[in-house]
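First up is the structure itself, then whatever we jot down about it.
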Amino acid sequence: MRELIFLEPVFTHNIWGGTRLRDEFGYDVEGNDIGECWGIAAHPNGDSTVEGGSFGGKKLSQLYSEHRELFGGIEGDKFPLLIKIIDAHDNLSIQVHPDDKYAGEHENGSLGKTECWYIMDCPKDAKLVAGHNARSREELDSMIHGGRWDSFIRELPIEKGDFIQIDPGTVHAITTGCLILETQQNSDITYRVYDYDRLTNGKPRELHVEQSIDVITVPAKPEKDSLSHTPERTDSAADVLIENDFYKVFKISVRGSFEFEQRYPFLNVSVVEGSGTLDGHEIKAGTHLIAPDGYGSMKFEGDMTVIASTVSRRK
């Protein structure tokens, strides 16, 4: 099919959210606590709507259910991925996600949550939480129950353009001032370990300490295996950031024009910086779309950076 599927995002309001998603991307959403833009989403908590074209007005979940041919006929009752832009006006909670097995057994058959982050922007000398310093299960338990957070969490220095893989079991948190494009499994299961004693409507947010202790990987994987710096291109190119069992993620740099061959079951496309056209359609930072199975050559023109993703293999 030679038709791009443009999507209207949905938004979440969070204690740590701000106004950047509206101010910088022009999204039509009110409030001063906008935390997440679910740009490509087919989840009960957020379901993107197709803008115009043959399927205008349909929800992405409906499109996936009724027109599996657009997605290469892949198996699975849920669209596999979820793409978000996250604006951390304040620190997010220290958290961890379960894998498919644990989530399936303890969260009503939900998928687990493997995710990765592309750092769209961050303050000078910024750090993110990725990993922890406990050397054993006993030390993990002691540090968490003793509230020894400074000793427990591991912070990694970051800069714009960095890429971080967050496997299930990884303690992690996005910090104040960071703007992130997240590619993840289609799941909304998060276990909060610590939330800085913040109050919502006068009450602390729910923590999931015992579930967290159940699923945290000990010891944490080495820092060098978590973070990589993506190349800043002066020419047009497509760089593979990661490929694992759940997704393959590309950084597409467009400096003038670039052709990308869409030979995957589908390709999620999110513009994270700049503007231009894709096969004659105007696109800019904040545009989200899907190129369906069989789309073929995609011609980007302009000056922009795109994060694209698909499933790693036909299942």
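Since the structure is predicted, the reported quantities are computational estimates derived from the model, not experimental observations.
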Measure the spacing between [atom1] of [X] and [atom2] of [Y] and express it to the nearest 0.5 Å.
X	Y	atom1	atom2	result
E107	I189	CD	CD1	4.0 Å
C178	I119	SG	CD1	6.0 Å
C37	K84	SG	NZ	11.0 Å
D239	I252	CG	CD1	10.0 Å
M120	D162	CE	CG	14.5 Å
I174	N91	CD1	CG	10.5 Å

Sub-3.5 Å donor-acceptor pair from the side chain of [X] to the main-chain atoms of [Y], do we have one?
X	Y	result
N244	Y247	yes
Q62	S65	no
T305	E273	no
T230	G161	yes
S142	E138	no
S236	S257	yes
R68	Y64	yes
T183	I83	no
N268	I290	no
H13	N32	no

What class does the angle between the rings of [X] and [Y] fall in, given that below 30° is parallel, 30 to 60° is tilted and above 60° is perpendicular?
X	Y	result
H288	Y27	parallel
W149	F152	perpendicular
H172	H97	tilted
F71	F266	perpendicular

Ring pair (Phe, Tyr, Trp, His ring centres under 6.0 Å) filter on H89, not counting sequence neighbours, yields none
Verdict with reasoning, K251 to I307, per side-chain contact (heavy atoms from CB on, under 4.5 Å): CA-CA 5 Å; K251 179 182 181 179; I307 301 296; 4.1 Å; yes
Do other residues, nucleotides or ligands put more than 12 heavy atoms under 6.0 Å from [X] [atom1]?
X	atom1	value
N45	CG	yes
D235	CG	yes
R135	CZ	no

Determine, for [X] against [Y], whether the closest basic-nitrogen to carboxylate-oxygen distance falls under 4.0 angstrom.
X	Y	result
D195	R205	yes
R198	E206	no
E301	R255	no
D99	K113	no
K124	E159	no

Can you confirm whether the side chains of E139 and N133 place a donor and an acceptor under 3.5 Å from each other? no
Any side-chain donor near an acceptor of the partner, T114 and Q184, under 3.5 Å: no
Let me see the working for S270 and V306 under side-chain contact (heavy atoms from CB on, under 4.5 Å), right down to the final yes or no. CA-CA 6 Å; S270 296; V306 170; 6.0 Å; no
Residue pair Y264, F250: steps toward the ring-ring contact (aromatic ring centres under 6.0 Å, His included) verdict: CA-CA 12 Å; Y264 304 96; F250 305 86; 5.6 Å; yes
Can you list the residues that meet the side chain to side chain donor-acceptor pair (under 3.5 Å) rule with D167, with sequence neighbours excluded?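 Per chain and number, D167 pairs via side chain to side chain donor-acceptor pair (under 3.5 Å) with Q165, K221.
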Please table the atom pairs, donor to acceptor, closer than 3.5 Å between any side-chain atom in residues 275-284 and protein atoms at least two apart or in another chain.
{"unit_1": "D279", "atom_1": "OD1", "unit_2": "K299", "atom_2": "N", "d": "2.9"}
{"unit_1": "D279", "atom_1": "OD2", "unit_2": "Y295", "atom_2": "OH", "d": "2.5"}
{"unit_1": "K284", "atom_1": "NZ", "unit_2": "F25", "atom_2": "O", "d": "3.4"}

Under a 4.5 Å side-chain heavy-atom rule over Ile, Leu, Val, Met, Phe, Trp and Tyr, are [X] and [Y] clustered together?
X	Y	answer
L227	Y118	no
F300	V240	yes
I40	L70	yes

Does the separation of the ring centres of F55 and H67 fall below 6.0 angstrom?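 When the ring centroids of F55 and H67 are compared, they turn out to be within the sub-6.0 Å range.
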Residue pair S93, Q95: steps toward the side-chain hydrogen bond (donor to acceptor under 3.5 Å, both in side chains) verdict: CA-CA 6 Å; S93 61; Q95 55 190 243; 3.0 Å; yes
Quickly, which of D90, L92, I94 forms a side chain to side chain contact (heavy atoms under 4.5 Å, CB included) with Y196? Name it, please. I94
Could you please spell out the steps behind the side-chain contact (heavy atoms from CB on, under 4.5 Å) verdict for L7 and I5? CA-CA 6 Å; L7 295 167; I5 301 165; 4.2 Å; yes
Can you list the steps and then say if W38 with L82 is a side-chain contact (heavy atoms from CB on, under 4.5 Å)? CA-CA 7 Å; W38 291 27; L82 200 167; 3.8 Å; yes
With salt bridge (Lys or Arg N to Asp or Glu O under 4.0 Å) as the criterion, how do K58 and E66 come out once you've worked through the C-alpha distance, each side chain's angles and the decisive distance to 0.1 Å? CA-CA 10 Å; K58 287 185 181 288; E66 297 175 357; 3.1 Å; yes
Could you go step by step and tell me if H145 and D141 meet the side-chain hydrogen bond (donor to acceptor under 3.5 Å, both in side chains) rule? CA-CA 6 Å; H145 282 116; D141 194 282; 3.0 Å; yes
